[in-house]
Amino acid sequence: MITNYDLKPLYEFGWSIYWDTVRSQENEWTQKLSPARVIAQFSHSYKIMTPVGEHSAGVSGKFEFNAVNRSDYPAVGDWVMVEIVPNEARSVIHAVLPRKTYMVRKAAGNTMDDQIIGSNMDYLFIVNALNQDFNLRKIERYLIAAWESGAQPVVLLTKTDLCEDPPKFAAAVENAAPGVPVHLISALLDQGKNELTPYLHAGKTIAITGSSGVGKSTLLNWLAESEKQRIQEIREDDARGRHTTTHRELFLLEGGALIMDTPGMRELQLWDSHEGWEQAFSDIEALAGQCRYRDCIHESNQGCAIIQALDDGTLDPKRYANYKKTAKELAHLARKEESSSQKKSKKTTSSQQKKKRSRSNMIDILEELD
Ligand code: GDP
Ligand code: ZN
């Protein structure tokens, strides 16, 4: 086995001192393997970027044996430790380095199992269109997922060319998304690209999310404009993968940022998102902290800061309704997950269970959207 690869080529794909440190926590044997980044996922294989170029890869038998949940398997954006098979452009994945950030969804079917749909992203672009599809409540839900992922959310309002007063909508989003930058763009008119340059630094990873039809693919192509050629080249290698549904890719933009598409909410379900929820509604949480009574249920006027804010118009009643609704859904899911993990408990060890439980209480929000 070849060891001591020159990792320089991986910096272009987001490797950094941070990851050197993460790698150094792995066992000695694993440390000797080479790091690589997962850039595409097919049904039974991966495309990875190794220090010696693009390889196809699969997980080792031992990896497969030890995997408990779908989320234990590699996902697009992951840094993995691989054994490189020289001359074959093939690698064997032995470990996934702990994810810095990630988005997860409930796996297909009726299980409570979860699947990683993108990892190690720095920014999460939440895309919504300024036509009849515009929906603040949807943006609030995406924000719960975004905050929970650990990545910095950024809201992009697309198709400004179809809207009479885009700044009015931007202001409404800013109100519903405390601490989140909001940008107005039109791919059609080629407007707003400059506003996005602060996110497009070399080595940064961006995931794009939003319901179908809001303009995600158009945005991706627009950002990659001068890079179209390259994307096509990458795609051509993968004629096989293009036909599979799990296919997802991480693209390198000319400026050096990496960008990935993720499925829209139609597929995406939220999970154990209490922290994300608190952050998405931090303004309301702060108000609740100002109520006179600590256990205020915000139903009577008696010193209730929330009722006060609803009365004087500083808190949008629809936003407040969404705050309560999503809280209820989270509680419901926590119960559902609790009973499903009790059923499963014979099969998994307690530490595996704990790991699973901490991440997979999911909200079923599908009927809501689209
Ligand atoms: P996706 O499903 O989110 O990937 O959405 P697409 O990128 O496929 O776009 C859906 C539709 O919106 C397509 O017909 C695009 O041409 C259109 N579209 C995308 N961006 C813009 C825009 O900035 N302005 C207008 N008017 N249409 C757009
Ligand atoms: Zn109150």
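One-based numbering, in listed order, for ligands and for the atoms of each.
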Residue, atom and distance of the protein heavy atom nearest atom 24 (N) of ligand 1 read D161 OD1, 2.8 Å

Any idea how Y199 and Y123 line up, ring-wise: parallel (<30°), tilted (30 to 60°), or perpendicular (>60°)? perpendicular

Short N or O distance, A187 and ligand 1, threshold 3.5 Å exclusive:
yes

Using a strict threshold of under 4.0 Å (side-chain N to carboxylate O), is an ion pair present between D133 and K138? no

d(H94 NE2, E83 CD) to nearest 0.5 Å is 4.0 Å

among protein heavy atoms, the one nearest atom 3 (O) of ligand 1 is K216 N, 2.8 Å

For L162, the atoms of ligand 1 under 4.0 Å from one of its heavy atoms are 26 (N)

Looking only at heavy atoms, the pair that brings V173 and V182 closest together is CG1-CG2, 3.6 Å

Non-hydrogen protein atom less than 4.0 angstrom from atom 11 (C) of ligand 1 = yes

Within the 4.0 Å heavy-atom cut-off, what T218 brings close to ligand 1 is both

In this structure, the Zn ion (ligand 2) sits at the vertex of an angle between ND1 of H298 and SG of C304 that rounds to 10° as 110°

Test item: protein heavy atom less than 4.0 Å from atom 14 (O) of ligand 1: no

The protein heavy atom nearest to atom 21 (C) of ligand 1 is K159 CG, 3.6 Å

May I ask you to decide whether R23 forms a salt bridge with E26, counting only side-chain N to carboxylate O separations under 4.0 Å? no

for atom 5 (O) of ligand 1, nearest protein heavy atom and its distance come out as G215 N, 3.0 Å

Is the side chain of N66 donor-acceptor paired with the backbone N or O of F63 at a distance under 3.5 Å, no angle test? no

Atom 4 (O) of ligand 1 has as its nearest protein heavy atom S217 OG, 2.5 Å

For atom 2 (O) of ligand 1, the closest protein heavy atom turns out to be G213 N, 2.7 Å

The SG(C291)-the Zn ion (ligand 2)-SG(C296) angle, to 10°, is 110°

* Evaluate the ring planes of W277 and Y323, with Trp represented by its six-membered ring, and classify them as parallel (under 30°), tilted (30 to 60°) or perpendicular (over 60°). => parallel

In ligand 1, the atoms that come under 4.0 Å of a heavy atom of S186 are 23 (O)

* **K100 (side chain) donor-acceptor with D122 (main chain) under 3.5 angstrom** => no

Find out whether the Lys NZ or Arg CZ of K47 is both under 6.0 angstrom from the six-membered ring centre of F42 and within 45° of the ring's axis. no

Quiz prompt | Close N or O approach (S212, ligand 1; < 3.5 Å) | solution = no

Is there a heavy atom of T158 sitting under 4.0 angstrom from any atom of ligand 1? no

Exercise for the section: Answer yes or no: is there an ion pair linking D78 with R99, defined by an N-O contact shorter than 4.0 Å? Expected result: yes

